[in-house]
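Below: the structure, in structure tokens.
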Amino acid sequence: MRKRGVWSALGAAIAVFAVSGMAMASTFTNGAFSGLSGVGFETLCAGTSSATAISGWTVSSGSVDWISSYWSNPAGTTNSLDMNGSTPCSPLAGTITQTFATTVNSTYFVSFALSGNPVCGELGIPSPATKTLYVSSSAASAPTTAYSFDTATAGNTQSNMDWQTTGYSFVASGDSTTLTFAADPTNASACGPALGDVSISETAATGANCKDGGWQAMFESNGTPFTNQGDCVSYYAISGDTPIGP
């Protein structure tokens, strides 16, 4: 049967980071998953023409449900995703990706709204109450981070999804980075984590970031990591940036 519902959010903590530099916009697009209207939801399957139906995104494995009016979307948006899709797609647990331009050594903070599809629980259909979403990027040394939403304790419903805002950060190691959101592959049901309202902010790296061990997470423009603080300072001095930075 068609599923759909919202998860309950466990309230994952927003990652906090601080780097010197000026905040600027990135080329990331369509974090609101806009483009669908007039239907409750549409199932998108990897490996089919529907995989690229959401502008800016690709369903790279499994399936997702592109939500319009099936449940209450994050404030100020009209669309969201259930990261576990519906039949006839297989497997149901989905993965989505977007590749966008980045600046080497800049820090990027990814903010997103998280909830969970509560419908399986309401209907007595087997599905884990805790919905897990994995977020990762292609940036060097960037970890895969798990975020959870517990529909059993959140009390969310289709009309009130109780969206929770959380975040993920990475330091770019190339001129482009692929951001990935993935549902828990062990959840074989049609009720997964709900995702919406993704946004990205960028903070540019400067020579000041070479200090206090910052060089260990920084890279040259070709993606080569610095070997020591002096190497980092020299790189930014040659680039014209004041090594110790403002």
Side-chain angles (χ1 to χ4, degrees), residues 9 11-34 54-60 64 74 76-77 79-81 83 94-114 132-148 163-183 193-226 232 235-236 239 241 245-246:
I14 295 180
V16 177
F17 64 89
V19 296
S20 300
M22 178 177 64
M24 37 187 160
S26 75
T27 60
F28 181 81
T29 61
N30 198 16
F33 305 109
S34 61
I54 306 175
S55 176
W57 297 92
T58 298
V59 180
S60 56
V64 301
T77 67
N79 295 142
S80 58
L81 300 179
M83 292 297 297
T95 299
I96 61 168
T97 62
Q98 181 173 156
T99 300
F100 56 101
T102 50
T103 301
V104 174
N105 291 327
S106 284
T107 298
Y108 293 81
F109 181 72
V110 183
S111 173
F112 58 93
L114 176 68
T132 302
L133 178 72
Y134 295 96
V135 185
S136 61
S137 76
S138 59
S141 303
T144 296
T145 304
Y147 300 83
S148 298
W163 292 96
Q164 305 295 312
T165 299
T166 187
Y168 169 84
S169 67
F170 64 90
V171 177
S173 54
D175 58 10
S176 67
T177 300
T178 299
L179 178 67
T180 300
F181 292 95
L195 173 66
D197 198 19
V198 182
S199 64
I200 295 184
S201 58
E202 174 188 359
T203 304
T206 71
N209 301 120
C210 296
K211 300 185 298 181
D212 302 322
W215 61 269
Q216 297 177 66
M218 298 170 68
F219 306 82
E220 296 182 18
S221 58
N222 62 3
T224 301
F226 295 118
C232 180
Y235 175 85
Y236 280 97
S239 73
D241 179 52

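Smallest separation of non-hydrogen atoms from Ser148 and Leu114: O-CD2, 3.8 Å. When all heavy atoms are compared, the tightest approach of Val64 to Ile96 is CG1-CG2, 3.9 Å. Here the shortest heavy-atom pairing between Trp163 and Gly196 reads CZ3-N, 3.9 Å. Taking every heavy atom of both residues into account, Asn79 and Pro74 meet most closely at O-CD, 4.4 Å. The heavy-atom pair separating Ala182 from Thr95 by the smallest distance is CB-OG1, 3.5 Å. A pairwise comparison of heavy atoms in Ser173 and Ala140 identifies OG-N, 2.8 Å as the closest pair.
Among residues two or more places apart in sequence or in another chain, the side chain to side chain donor-acceptor pair (under 3.5 Å) test is passed with Ser60 by none. Take Tyr134 and apply the ring pair (Phe, Tyr, Trp, His ring centres under 6.0 Å) test, not counting sequence neighbours, and it matches no residue. For Thr77, the side chain to side chain donor-acceptor pair (under 3.5 Å) test picks out no residue, with sequence neighbours left out.
Panel note: side chain Glu202, backbone Thr102; no donor-acceptor pair is recorded below 3.5 Å. Judged by distance alone, the side chain of Thr27 and the main-chain N or O of Ala101 form a donor-acceptor pair under 3.5 Å. The backbone N or O of Ala113 lies less than 3.5 Å from no partner atom in the side chain of Asp197, so there is not a single donor-acceptor pair.
Between Trp57 and Phe33, the ring-plane angle classifies as tilted under the 30° and 60° cut-offs. Between Phe100 and Tyr108, the angle of the ring planes goes over 60°, which puts this pair in the perpendicular group of the 30/60° scheme. Between Phe226 and Tyr236, the two ring planes are tilted [angle within 30° to 60°].
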- What's the verdict on side chain to side chain contact (heavy atoms under 4.5 Å, CB included) for Ile54 and Asn30, showing C-alpha distance, side-chain angles and the deciding distance? CA-CA 8 Å; Ile54 306 175; Asn30 198 16; 3.6 Å; yes
- Task: For the pair Phe28 and Val110, evaluate side chain to side chain contact (heavy atoms under 4.5 Å, CB included) and give the outcome as yes or no after the intermediate values.
- Result: CA-CA 10 Å; Phe28 181 81; Val110 183; over 6 Å; no
- Message: Could you walk me through whether Thr144 and Val135 satisfy the side chain to side chain contact (heavy atoms under 4.5 Å, CB included) test, starting with their C-alpha distance in whole Å, then the side-chain angles of each, then the deciding distance to 0.1 Å, before giving a yes or no?
- Response: CA-CA 6 Å; Thr144 296; Val135 185; over 6 Å; no
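Phe112 has its ring centre no less than 6.0 Å from the ring centre of Tyr168.
The CG atom of Leu195 sits 6.0 Å away from the CG atom of Leu133 when rounded to the nearest 0.5 Å. Atom CZ of residue Phe109 and atom OG1 of residue Thr203 lie 10.5 Å apart, to the nearest 0.5 angstrom. Expressed to the nearest 0.5 Å, how far CD1 of Ile200 lies from OG of Ser137 amounts to 9.5 Å. Taken to the nearest 0.5 Å, the OG atom of Ser138 stands 7.5 Å off from the CZ atom of Phe170. Taking CG of Asn209 as the reference point, atom SG of Cys232 lies at 7.5 Å (rounded to 0.5 Å).
Between the side chains of Thr29 and Gln98, at least one donor N or O lies within less than 3.5 Å of an accepting N or O.
Residues Thr165 and Ser111 form a side-chain contact, since some pair of their non-hydrogen atoms from C-beta on lies under 4.5 Å apart.
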